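It should be emphasised that the depicted structure is a prediction, and the values quoted were computed from it without experimental measurement. In the text below, chain A, chain B and the rest are named by the order of the sequence lines, each starting its count at 1.
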Amino acid sequence: MEGPILMSNTVVESKWKGKRYKIIKLLGKGGTSRVYMAMDIDSKEYYAMKISKDNISLNREYQLLKSFSSMDFIVKAHDIDDLLIDQQLWHFLLLEYIPGVNIKGYIEKSKLDLLTILSLSLLLLEEIGKIHQLGYIVGDLKLENIMLDSRNKRLKLIDLGGAVKKNSAIKEYTPAYDRAAWRCGERRGEPSYDGFTLTMLIIRLLLNRKLNPLKDRIEDLILELEGLDISPELIVVIKNALFCKDTDIKDYIKEIKKVYPIEEKRRTKKIEEKKSRIINKLFKASTAFFIITWILILSSKIIELIQ
Amino acid sequence: MEKNIAMIKEIIIVTDGCSNVGGNPAIAAQKARQRGIRVNIIGIIDQKAQKEKPFDEIISIAEAGGGNHEYTYIDNLYQTIHSLSYKTVSTTIQEAVNQQLKELMAQDLNEMPPSSRSKLLNYIDDYSEEIPLCCCILMDYSGSMASKIQSARHSIIDVLDSLKNRKGKVDISILAYPGERVDDCKILLDFNESKEDMKRRLYQLKTRGGTPTAAAIEFAINHMEGFIYQNNSSLQLEESSVG
């Protein structure tokens with residue numbers, strides 16, 4: 001059950017609080033829910049309204065979001081209530097509306113360069129670390145759930161549906177980033193589970209293609225990475241995060257911070273090399289021009305002399 | 001309440017089409033439901049064919065069996081099995097809670113305001129992790145599944161890995177149908193067996209013949225009940241020998 005199909009401009013009324021919302025457009029749909037952009041008719045404020053039949057998972061998500069309300073990285077939850085649509089009862093979460101694109105949409109248009117990928121992963125790791133400190137594991141971290149908030153230029157995590165308490169079983173996951181699907185560990189809520197997921201996200205961005213645990217082998221992905229212009233140091237960091245069973249997020253951050261300047265140097269070196277190559281070419285071209293003009297002048301002089 | 005639902009019993013059928021041999025699977029599913037076993041069913045859609053979801057039968061089996069149905073591509077199979085089995089557990093508990101609430105206060109969960117509902121939902125959510133689960137996965141191994149079976153094998157092993165992380169006890173058995181005869185199944189993994197036993201059998205198994213879904217459901221019911229009966233009597237024996 002995917003969530004109700006609502007047309008734009010439909011007005012829905014919440015069952016308990018009696019608030020009226022105008023549906024603006026569909027923002028997205030997941031396994032058991034649909035998310036609409038909706039406007040509170042009284043306050044004219046925009047919200048993201050996540051509608052589903054699954055009240056257990058909505059309730060879990062609402063409480064999680066409430067307990068993370070101090071974190072700017074995580075979307076704010078405003079309300080939970082029911083809707084009657086065509087005599088059918090639905091439940092909904094009222095979430096902060098975030099204008100902008102998600103990273104998945106973004107990379108479809110433009111490829112991220114390596115330094116951007118590294119800074120992005122640093123930002124994400126910092127936030128994941130904070131979530132771990134509150135006793136939770138993110139679980140189902142994926143590109144379409146990370147928004148680039150266009151108002152204040154921040155990253156926002158818009159879906160915490162997969163989050164679980166530390167040490168309980170992971171309930172939702174995406175095979176491409178799930179360590180059990182890659183045969184690299186168990187589907188259990190440990191900090192290293194998120195560490196693995198984030199590493200697969202980095203690999204996905206670096207290779208700039210979709211990953212499929214049924215078709216790809218993790219060893220081949222690493223070979224593919226080695227074929228790119230990446231420092232051996234970064235490859236080591238990635239390998240550690242994939243194959244080490246107890247990756248610590250703080251250590252992971254340190255490792256990436258160490259690798260960042262190395263990669264930065266490689267880039268600037270490359271640019272300098274490119275520059276010097278251009279200067280070389282210019283120099284050669286100008287010398288050639290110089291010689292040719294001289295030859296021309298000389299030959300014309302000679303012709304003059306002969307005449 | 002704990003006594004009523006001391007264990008969740010479910011059958012998950014994985015098939016790519018309609019049954020074409022034997023009786024009506026919806027009737028078999030209803031029989032399971034009457035015995036406290038929920039029947040869920042997953043319809044495999046062909047990625048290339050892009051056909052319309054063809055199987056009315058799938059909906060009728062899930063309805064008769066008190067379970068859920070879902071369509072998926074073979075590549076997403078393990079995720080679907082995983083989420084369906086979680087859903088079964090929580091809806092079963094939710095229904096039991098609802099029944100109790102109706103008796104106590106003449107209202108069910110949805111008739112309570114979200115703030116007071118929330119506590120009960122939390123309880124259901126936690127309890128879903130802990131309650132023992134007995135699950136029988138019925139794999140359609142008929143001729144038409146031949147091309148998808150490689151992926152399906154991977155999925156089955158994955159499901160086992162995943163469910164063992166629950167807090168509560170999990171007994172899982174995996175059956176393939178049709179078996180040697182039309183009316184039986186091949187046991188790929190029996191309750192109490194290890195994953196290694198199954199891996200070998202999985203790779204030896206060949207797809208064959210028609211799709212006798214009704215007979216397979218009946219087989220699964222007997223198989224599951226036999227196991228539970230044996231388990232209970234051995235528990236009682238232990239208790240009496242201690243006493």
Side-chain angles (χ1 to χ4, degrees), chain A residues 1-2 14-17 30-32 52-64 66 79-84 88-94 140 161-162 164-165 167-176 178-190 193 210 212-215, chain B residues 62 68-80 82-87 89-91 93-94 97-98 108-130 148 150-155 157-168 170:
Chain A
M1 190 81 62
E2 221 177 43
S14 68
K15 184 177 159 188
W16 300 92
K17 297 217 172 84
T32 58
S52 167
K53 285 260 183 206
D54 186 351
N55 54 6
I56 295 208
S57 85
L58 278 190
N59 176 60
R60 191 194 306 135
E61 191 173 356
Y62 182 67
Q63 290 180 353
L64 273 174
K66 280 285 170 195
D79 203 2
I80 184 165
D81 208 324
D82 299 340
L83 291 175
L84 260 177
Q88 273 207 53
L89 188 73
W90 294 87
H91 314 288
F92 73 89
L93 270 187
L94 200 65
D140 198 9
V164 295
K165 282 201 187 101
N167 295 321
S168 49
I170 298 284
K171 294 195 180 93
E172 289 171 32
Y173 59 88
T174 306
D178 164 58
R179 70 175 180 189
W182 291 97
R183 309 247 156 273
C184 287
E186 287 185 21
R187 210 162 278 146
R188 188 179 303 138
E190 298 164 344
Y193 186 90
K210 283 186 184 146
N212 182 347
L214 293 177
K215 295 189 181 110
Chain B
N68 295 295
H69 71 274
E70 211 142 325
Y71 302 98
T72 187
Y73 297 122
I74 193 82
D75 282 1
N76 298 333
L77 177 61
Y78 52 57
Q79 224 179 347
T80 314
H82 181 95
S83 73
L84 258 186
S85 62
Y86 269 105
K87 212 152 116 190
V89 173
S90 64
T91 40
I93 302 177
Q94 204 167 340
V97 169
N98 266 336
D108 72 3
L109 274 174
N110 286 336
E111 289 157 17
M112 298 170 119
S115 53
S116 36
R117 190 191 302 164
S118 169
K119 274 182 198 146
L120 279 164
L121 289 176
N122 286 344
Y123 165 75
I124 294 169
D125 203 12
D126 290 344
Y127 194 49
S128 303
E129 270 277 295
E130 289 157 18
K148 301 155 196 156
Q150 187 60 37
S151 240
R153 284 183 187 132
H154 190 109
S155 306
I157 297 170
D158 192 85
V159 167
L160 295 180
D161 284 341
S162 191
L163 284 176
K164 74 169 186 241
N165 285 321
R166 283 182 85 241
K167 284 206 183 94
V170 182

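- Here the CD1-CD1 distance, from I56(A) to I124(B), works out to 4.5 Å after rounding to the nearest 0.5 Å.
- With a 4.5 angstrom heavy-atom cutoff, K215(A) touches chain B only via side-chain atoms.
- Looking at N59(A) and N122(B), their side chains do bring a donor and an acceptor atom within 3.5 Å of each other.
- The line from CG of D82(A) to CE of M112(B) is 12.5 Å long, rounded to the nearest 0.5 Å.
- Residue contact with chain B, scored on non-hydrogen atoms closer than 4.5 Å, is absent for Y62(A).
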Walk me through whether E111(B) and L89(A) qualify under side chain to side chain contact (heavy atoms under 4.5 Å, CB included).
CA-CA 10 Å; E111(B) 289 157 17; L89(A) 188 73; over 6 Å; no
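- Heavy-atom minimum distance, A181(A) versus Y78(B): CB-OH, 3.4 Å.
- Here the OG-NZ distance, from S118(B) to K66(A), works out to 11.5 Å after rounding to the nearest 0.5 Å.
- Taking CZ of R166(B) as the start and NZ of K171(A) as the end, the distance is 9.5 Å to the nearest 0.5 Å.
- Note: N55(A) CG to N110(B) CG = 6.0 Å, rounded to the nearest 0.5 Å.
- Contacts between E129(B) and chain A at a heavy-atom distance below 4.5 Å involve the side chain alone, from C-beta outward.
- Between chain B and the options T174(A), I170(A), L214(A), D54(A), heavy-atom pairs under 4.5 Å are most frequent for L214(A).
- How far CG of N165(B) is from CZ of R187(A): 8.5 Å, rounded to the nearest 0.5 Å.
- Counting heavy-atom pairs under 4.5 Å between each of S168(A), P175(A), A180(A) and chain B puts P175(A) at the top.
- When all heavy atoms of W16(A) and P113(B) are compared, the pair lying nearest together is CH2-N, 3.4 Å.
- Contact count against chain A (heavy-atom pairs under 4.5 Å) is highest for P114(B) among S115(B), S90(B), P114(B).
- Residue with the most contacts toward chain B among H91(A), E172(A), K165(A): H91(A) (heavy-atom pairs, distance under 4.5 Å).
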